[in-house]
There are 2 protein chains.
Amino acid sequence: MLSVHSQDAVFRALADPSRRAVFEQLTRGESAVNDLTARFSISQPAVSQHLAALRKAGLVLERREGRHVYYRVEPKGLRPLVDWLTHYQAFWTDRMERLQALLKEMDE
Amino acid sequence: MLSVHSQDAVFRALADPSRRAVFEQLTRGESAVNDLTARFSISQPAVSQHLAALRKAGLVLERREGRHVYYRVEPKGLRPLVDWLTHYQAFWTDRMERLQALLKEMDE
DNA sequence: ACGACATATAAGGCGTGGCTTATATGTTGA
DNA sequence: TCAACATATAAGCCACGCCTTATATGTCGT
């Protein structure tokens, strides 16, 4: 497993509603800090701080272009969450076993 | 959908490492507050408070028996997490569609 | 009924986290 | 080069969360 980012960081990053909202917005497409700031009723530094948290958790990636910094979702960042869930597959009955198989395929 | 418990409560409940540890212990089997307190190096009230948070999030159930209160995992409580993940199935490529199908089956 | 036990709740301390404003860093275009 | 722009970082404030100890509630056994 080359998941460099801790389960804990992912859980903590997603615990905040504002941060989840930023993440969810990014799933609709890459966007610059500027754009995100316009969409939410929080200051630009607040947005930057949320993005930093998401980035440290491995949930988003940044792409610098001139004076703009574009952020996008890093799908692999959700892996720790899925792994944590599958760890308790016993509680998802036998159907979870099929999910487990699917996830193995995804290792590609 | 009769998921009475909010996504937010689930995310917040699982954000704390101690609380995840309590939850994980409960996946190994039902146990009383007493037992849990013995396993972790936190006070009994702390354990009770974590259990209350997990219960409010719908992640655990309690069963009272005499002066003991036994807690156990409520598998359905993880549903909001899974739902949240599937909402971004686009980032899990086409394989996620199959997961989606699986989850529909689980509605039973 | 009473003392020991099991758990929950109350109250307070204290660190953390998310927000703000102010400022620093860096880039673009005239 | 300089002003406007885009973002990040710094500093401080405040609320919230997790912990503690103390206490309340309720149950068991004798």
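Residue numbers begin at 1 in each chain, while the letters A, B, ... track the order of the sequences.
Rounded to whole Å, atom C1' of dC18(D) lies 14 Å from atom CG of Asp8(A).
Contacts of Arg39(B) classified as side-chain hydrogen bond (donor to acceptor under 3.5 Å, both in side chains), with partners at least two apart in sequence or in another chain: none. Looking at residues two or more places apart in sequence or on another chain, you find a side-chain contact (heavy atoms from CB on, under 4.5 Å) between Asp8(B) and Pro17(A), Arg20(A), Ser6(B), Arg12(B). Considering only residues two or more places apart in sequence or on other chains, Ala46(A) meets the side-chain contact (heavy atoms from CB on, under 4.5 Å) condition with Ile42(A), Ser43(A). Shown here are the side-chain contact (heavy atoms from CB on, under 4.5 Å) partners of Glu74(A), two or more places apart in sequence or in another chain: Leu61(A), Lys76(A).
Nearer to the 5' terminus of DNA chain C, by closest-nucleotide assignment, is the contact made by Ser43(A) (compared with the other of Ser43(A) and Glu65(A)).
Within the structure, the salt bridge (Lys or Arg N to Asp or Glu O under 4.0 Å) test picks out the following pairs touching residues 41-60 of chain A (sequence neighbours left out): Arg55(A)-Glu62(A).
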Going 5' to 3' through nucleotides 7-18 of chain C, assign each nucleotide B (protein heavy atom under 4.0 Å from a base atom), S (under 4.0 Å only from sugar-phosphate atoms) or - (no protein heavy atom that close). BBBB-------S
